[in-house]
Amino acid sequence: MPKVLKIAVQAPLRSVFDYLPPAGSDPDTLRPGVRVQVPFGPRRRIGVLLEIADSSELDPAKLKPVLAVLDPEPLLSADDLALLTWASRYYHYPIGEALALAFAPLLREGKSAAPETVRVLCPEGPGAAGAAALVKRSPRQAELLRLLWEHPGGLPPAILAGLDGGKHTANALVGKGLARWREQAAQVAAALPAPAPALELNPGQTAAVARVLEALGGFRAFLLDGVTGSGKTEVYLRLAGEVLARGGQVMVLVPEISLTPQLEARFRARFPAPLAVYHSGLAAGERRRAWLAMQRGEASILLGTRSAVFMPLRAPGLIVLDEEHDASFKQHDGFRFSARDVAVMRAHLLKIPVVLGSATPSLESLHNVRQGRYQHLHLPERAGGAAPPLFRLLDIRGQRLVEGLSPRLLSEIGQTLGRREQVLLFVNRRGFAPTLICHACGWVAQCGCCDANLVIHFGEDRLRCHHCGHEQALIRACAKCGDTGLRPLGLGTERIEAALEEHFPEARVARIDRDSTRRKGSLQQLLDDIQAGRVDILVGTQMLAKGHHFPKVTLVGIVDVDGGLHSTDYRAGERTAQLIMQVAGRAGREDRPGSVLLQTRQPGHPLLCSLIREGYAGFAEGCAAERAAAGLPPFGYQALWRAESAEADRPGRFLAGLAESAGRMRAPSLQVLGPVPAPLARRAGKHRAQLLLQSPRRGELHGVVETLLDAVPALLAGCRVQWSMDIDPVDVY
DNA sequence: AGCACGCCGACT
DNA sequence: GTCGGCGTGCTC
């Protein structure tokens, strides 16, 4: 029996495929982790060699040989493969697709992983003086020759391109045997000189650093719990320094691309070590370069977003994941992994520590602390002894509001501006108003292909659907009765911005949301303006709550907290509390504590009260008790099936079939909830439904899911839908 | 997912 | 007579 290659082929199929070694090759030289090209049905596909086996369950005559082995050395180590195999199993996602997503896009497509080279020009032949005599009549050649002998190591293309007729002159010299081209490995990003000194640590930071350092060289998970400004980043930097000194690599993950530049700046200023940045905003070539630099160990610090969690590491020493509560760590389509949970599993498999940082930890992580799985590290309130912000509820019941702003909030804004301090207003909705309604007949502008209202974008004179690509010109007359009394209903950032400009004509108002920051670099420009004091009032969405710090802001207004408290999503409370605390964290500085005003019509709401009286920790405790009583995560486990189709009845029928199969299984702890229409029952012309499976026993839930996946093909026959299955869902939409 | 094959309506 | 609609089945 010849050797059989077990290959994870890039295809949405849950099995591994068997192939024969490529014709005329020695299978003993092959190693798991190399990419291969294989025949797959009528086409060719890229796959990854997982294992070299002695036999196949299939008839060997039916096996085809691999067409090509793409890498001389494995790109993924046994550890990398183990992690991806685990993730593929845990999330029930096809192994070939999961593996493909671990590669930089160019490598996924089968492009070369060979080290990049540049062609440099080197001097050759008689020495400088002798050669000069040979080109007396060509001044350009003579000049280049002089340059060459000054740099006998070779001139890179960048310098040659800067010379008049550089390439031409160079080739002339090569023709005369006075120079030659040489392929040379491209330089990895050069190290920076003069690292910035480390900051002084306060006792809390010192203790946190010490606890993690004790754990280096083995697995341990830490929850680093510290409010904004408590100096979490300095803790990361200290830990990174120690790991680098021991020759290890450090992986640092953040939830959003926009958070990488500031962190990159701090790491680069501190460490001369080569650093790689990896996220989907980079060009394909840059991503490949960063990926290979980490894989080969040429870079020792990795800064990335969730897609970086699978990057191969040559000498892994530490994983840091900042803002661990952030839902962006969960992939929302395709391979729906949680980068936070994968990071913890990866640290476990690699036997290294992982540090999860947050000012507002997720209930999951707090639960893991209670269970003894994570160690809780607290940082004192604020580095430098700044006072925490003062929270106040503003009861707006019966108040006369100016575009949603109460007289009290407006007067406090005025006072703050009078002191030449900045104000931040948080409105969790972009656009002018979320609804356009006819005052005469009650007609509401709706999206033709979603169950959603069109949002008014006054500035651009458009109506937009925030759920599909649809947009149209803003209409002046009711589409139903023709009346011209159309009114905006509800509040968005644009409307608040306009109201403030009207009310405080002297103030400079900046709006920060996805619309105002769409252009590349515009967010940075706005942040710079705020930093430099060229802005008096900031109005924005949750973009304001993420990472950026505004030390000149002393008043934070949350225009409408009630919206976040009354959602059908059981996580809405947790998210609202995190958002409030994160936005509040932007306010105040060492010499002047910030003030946070929350406008509400329910000043007695238990969530709000506990958050304000006891802080986030107290709130989280109460919230966890409610979850425990209902068996919700983190006290129960969930798998969410989604289905959609242009045909209204299909998603429900498909999911009902699954629900029925689930009900027939022997799984006493399993709760089958649904199928029900999705919260957005129609989106982009597709009808959507979902089915939630829940169980306090993870193993039982996953067993059911596995069986149901086997039943999918039969259910799909005669009821075609687009479907997906989401393990540990964080969003139900 | 692609991409084949395969069996029924409106057209150069 | 075909071109092409998408239902069905397969990929080691």
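Chain A is the first sequence line, chain B the second, and so forth, proteins listed ahead of strands; every chain is numbered from 1. Just so you know, these numbers use all the heavy atoms, side chains as well, and skip hydrogens, waters and symmetry mates.
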Visitor: Can you check whether A/Lys62 has a side-chain N or O nearer than 4.0 Å to OP1 or OP2 of C/dC12?
Guide: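 Checking A/Lys62 against C/dC12: no side-chain N or O falls below 4.0 Å of OP1 or OP2.
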
Visitor: Answer with yes or no after comparing the ring centroid distance for A/Tyr91 and A/Tyr93 against a 6.0 Å cut-off, counting only values under it.
Guide: no

Visitor: Indicate whether the side chain of A/Glu323 and that of A/Ser358 have a donor and an acceptor atom separated by less than 3.5 Å.
Guide: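 The criterion, which ignores hydrogens and geometry beyond distance, is not satisfied for A/Ser358 and A/Glu323.
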
Visitor: Are A/Thr517 and A/Ser522 linked by a side-chain donor-acceptor pair shorter than 3.5 Å?
Guide: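 Judged by distance alone, the side chains do not pair up.
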
Visitor: Across the strands shown, which category fits A/Leu5 at heavy-atom distances under 4.0 angstrom: base, sugar-phosphate, nothing?
Guide: nothing

Visitor: Give A/Tyr19 one of three labels, base, sugar-phosphate or nothing, depending on what nucleic acid heavy atoms sit under 4.0 Å from its own.
Guide: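 Sugar-phosphate contact only - A/Tyr19 comes under 4.0 Å of backbone atoms but never of a base.
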
Visitor: To the nearest Å, how far apart are A/Lys64 NZ and C/dC10 P?
Guide: 14 Å

Visitor: Take atom CZ in A/Arg31; do more than 12 heavy atoms of anything else shown fall under 6.0 Å from it?
Guide: no

Visitor: For A/Glu97 and B/dA1, give me the distance from atom CD to atom P, rounded to whole Å.
Guide: 9 Å

Visitor: Using whole Å, what does the distance between atom P of nucleotide C/dC6 and atom CG of A/Leu716 come to?
Guide: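 Spelled out: CG on A/Leu716 to P on C/dC6 is 17 Å.
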
Visitor: Within the 4.0 Å heavy-atom criterion, would you say A/Pro713 contacts the bases, only the backbone, or no part of the nucleic acid?
Guide: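 No contact.
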
Visitor: Please report, rounded to the nearest Å, how far the C1' atom of B/dA1 is from the CZ atom of A/Arg14.
Guide: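 Result: 15 Å.
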
Visitor: Rounded to whole Å, please give me the gap between CZ in A/Arg720 and P in C/dC6.
Guide: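 For the pair A/Arg720 CZ and C/dC6 P, the rounded distance is 12 Å.
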
Visitor: What is the separation between atom CG on A/Leu715 and atom C1' on C/dT8, rounded to the nearest whole Å?
Guide: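 After rounding, the reported distance stands at 16 Å.
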
Visitor: Let me know the distance between CG of A/Leu13 and P of B/dA1, rounded to the nearest Å.
Guide: 10 Å

Visitor: What is the distance, rounded to the nearest whole Å, between atom CG of A/Leu50 and atom C1' of C/dC12?
Guide: 13 Å

Visitor: May I ask you to say what A/Arg43 touches in the nucleic acid, namely base, sugar-phosphate or nothing, with a heavy-atom cut-off under 4.0 Å?
Guide: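 Since only primed, P, OP1 and OP2 atoms lie under 4.0 Å of A/Arg43, the category is sugar-phosphate.
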
